[in-house]
Trainee: 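Handing you this structure, nothing more for now.
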Amino acid sequence: MNQEGYRDPTAEKAMREYNRMPHKMREALNAVQSVASLMGFELVEVRDKRTGRLYKCDRE
């Protein structure tokens, strides 16, 4: 929403794309989560070393 309270589809789409985890990272994370789950652990967050961005690890 913009400052007047109206929806801004262009800005919403841009923010959704910005917050999306890259595909190669999602594939690697799924593999690591599977191994961690077998060992009795749960991944909560992961940080991209190159960009420093922090992503939440939700199971899809």
Trainee: With side chains defined as the heavy atoms from C-beta onward, is the minimum distance between Val46 and Cys57 less than 4.5 Å?
Mentor: yes
Trainee: Looking at side-chain heavy atoms only, is the closest gap between Ser37 and Glu42 below 4.5 Å?
Mentor: no
Trainee: Working to the nearest 0.5 Å, report the span between CD of Gln33 and CG of Leu38.
Mentor: 12.0 Å
Trainee: Side chains of Tyr18 and Arg53, heavy atoms from C-beta outward: is any pair under 4.5 Å?
Mentor: yes
Trainee: Using the ring of Tyr55 (Phe, Tyr or Trp, six-membered ring only), decide whether Arg20 places NZ or CZ under 6.0 Å from its centre and within 45 degrees of its axis.
Mentor: no
Trainee: Find the distance between CG (Leu43) and CZ (Phe41) and round it off to the nearest 0.5 Å.
Mentor: 10.0 Å
Trainee: Is the closest side-chain heavy-atom distance between Glu27 and Asn30 below 4.5 Å?
Mentor: no
Trainee: Any non-hydrogen side-chain atom of Glu12 less than 4.5 Å from a side-chain atom of Arg7?
Mentor: yes
Trainee: Linking I/L/V/M/F/W/Y whenever their side-chain heavy atoms sit closer than 4.5 Å, directly or via other members, would Met15 and Met21 fall into one cluster?
Mentor: no
